Amino acid sequence: MLIRPLLFSGLFTLLTATAHAGEFPDSWTWDTDDAKTRADHAALEGKPMPALTVSGWINGEVKPADMKGKVVVVDLFATWCGPCMAAIPHNNELMTKYQKDGLVLVGVCTSGNGQDKLPQTVKDRGIKYPTASDPTLATEKAWHLHYYPTYAVVDRNGIVRAVGLTPDHVEEVVKKLLAEKPQS
């Protein structure tokens with residue numbers, strides 16, 4: 001008797017995850033010219049959020065428990081990346097605007113170059129959200145990073161819903177996911 005409810009629950013989770021994979025237009029990503037990159041990112045969508053293997057938190061540490069039941073935006077960036085730096089004011093606005101509604105924004109400084117400049121970059125650029133380094137590049141690998149910035153958005157159930165978003169489409173995804181109720 002116990003097998004049926006567990007089987008049904010697992011099937012429901014699989015169907016729910018599958019329904020969400022690829023739900024946002026590919027044109028909202030940087031992946032429009034590269035089918036392989038889009039496939040790498042799409043492979044993460046509809047699945048549980050990969051781990052953030054980071055250290056050296058600035059502006060507060062975000063633990064897995066802090067993300068439970070929240071919509072999470074992960075901004076994977078490099079300190080030397082112009083578009084990444086240009087997106088910081090919008091990230092700050094996004095966090096301020098939606099934090100009370102359940103948004104968590106996490107900056108992850110990755111790349112083989114420039115992580116040593118993270119503390120100064122946070123200060124100089126006025127980053128107000130929790131930010132950490134990816135010293136072993138494990139997070140970069142887990143999130144299938146191909147370019148900077150790479151934005152990923154995770155729903156309240158811990159499921160990746162979009163990867164590779166351009167900065168100008170992150171808020172649209174956030175608003176949609178904040179309106180959804182978490183599954184129990």
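Computed from heavy atoms alone, side chains included, the values below leave out hydrogens, waters and symmetry copies. Quick note: residue numbers are just sequence positions, from 1. This structure is a prediction, so every number in the text was calculated from the model and none was measured.
Annotation for Ala51 and Ala142: closest pair O-CB, 4.4 Å, computed over non-hydrogen atoms. Nearest heavy-atom pair across Ala152 and Trp143 is CB-CZ3, 3.2 Å. Closest approach of Leu118 to Ala132, counting heavy atoms only: CD2-C, 3.7 Å. For Pro50 against Val160, the heavy-atom pair with the smallest separation is CD-CG2, 3.8 Å. When all heavy atoms of Val173 and Ala162 are compared, the pair lying nearest together is CG1-CB, 4.4 Å. Taking every heavy atom of both residues into account, Pro167 and Pro149 meet most closely at CG-CG, 4.2 Å.
Glu172 and His169 are linked by a side-chain donor-acceptor pair at a separation below 3.5 angstrom, with hydrogens and angles left out of the test. Side chains of Ser111 and Trp80: a donor-acceptor N/O pair is present below 3.5 angstrom, by distance only. Defined by atom type and a distance below 3.5 Å, a donor-acceptor pair is present between the side-chain atoms of Glu140 and Tyr148.
At distances below 3.5 Å, at least one donor-acceptor pair connects side-chain atoms of Asp134 with backbone N or O atoms of Thr139. In this structure a side-chain-to-backbone donor-acceptor pair under 3.5 Å is missing from Asp124 to Thr121. Remark: the backbone N or O of Leu178 is paired with a side-chain donor or acceptor of Arg156 at under 3.5 angstrom.
The shortest distance between side-chain heavy atoms of Val122 and Cys109 does not fall below 4.5 Å. Two residues are said to be in side-chain contact when any heavy atoms from C-beta on lie closer than 4.5 Å; Glu171 and Glu93 fail this criterion. Residues Ile58 and Pro130 fail the side-chain proximity criterion, which asks for heavy atoms closer than 4.5 Å. Within the 4.5 Å cutoff, the side chain of Val106 has heavy atoms near those of the Val104 side chain. The shortest side-chain heavy-atom distance between Val163 and His144 does not fall under the 4.5 Å cut-off.
Salt bridge annotation for Lys175-Glu180: absent, with no cationic side-chain nitrogen under 4.0 angstrom from a carboxylate oxygen.
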Could you walk me through whether Val153 and Leu165 pass side-chain contact (heavy atoms from CB on, under 4.5 Å), step by step?
-> CA-CA 9 Å; Val153 185; Leu165 292 168; 3.6 Å; yes
Tell me, with the steps shown, if Leu177 and Arg161 meet side-chain contact (heavy atoms from CB on, under 4.5 Å).
-> CA-CA 9 Å; Leu177 300 187; Arg161 297 283 287 275; 3.3 Å; yes
Output, in order, the C-alpha distance, side-chain angles, deciding distance and verdict of side-chain contact (heavy atoms from CB on, under 4.5 Å) for Leu94 and Leu103.
-> CA-CA 9 Å; Leu94 195 66; Leu103 177 68; 4.0 Å; yes
Under the side-chain contact (heavy atoms from CB on, under 4.5 Å) criterion, do Val72 and Val74 qualify, and how do the steps go?
-> CA-CA 6 Å; Val72 179; Val74 180; 3.9 Å; yes
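With rounding to the nearest 0.5 Å, the separation of CG in Asn113 from SG in Cys81 is 12.5 Å. Taking NZ of Lys128 as the reference point, atom CG of Asn92 lies at 5.5 Å (rounded to 0.5 Å). Atoms NZ and CH2, from Lys63 and Trp57 in turn, are 10.5 Å apart once rounded to the nearest 0.5 Å. Note that the CZ atom of Phe77 and the CD1 atom of Ile88 stand 6.0 Å from one another [nearest 0.5 Å]. Taking CG of Asn157 as the reference point, atom CE of Met49 lies at 13.5 Å (rounded to 0.5 Å). Taken from CE in Met67 to CG in Leu52, the straight-line distance is 5.5 Å, to the nearest 0.5 Å.
No path of Ile, Leu, Val, Met, Phe, Trp and Tyr side chains, each step under 4.5 Å between heavy atoms, connects Leu44 with Leu137, placing them in separate hydrophobic clusters.
With Tyr129 as the fixed residue, the side-chain hydrogen bond (donor to acceptor under 3.5 Å, both in side chains) test singles out one of Asn91, Thr96, Asn59: Asn91.
For Lys100, the NZ atom sits in a packed shell: over 12 heavy atoms of surrounding residues, nucleotides or ligands are nearer than 6.0 Å.
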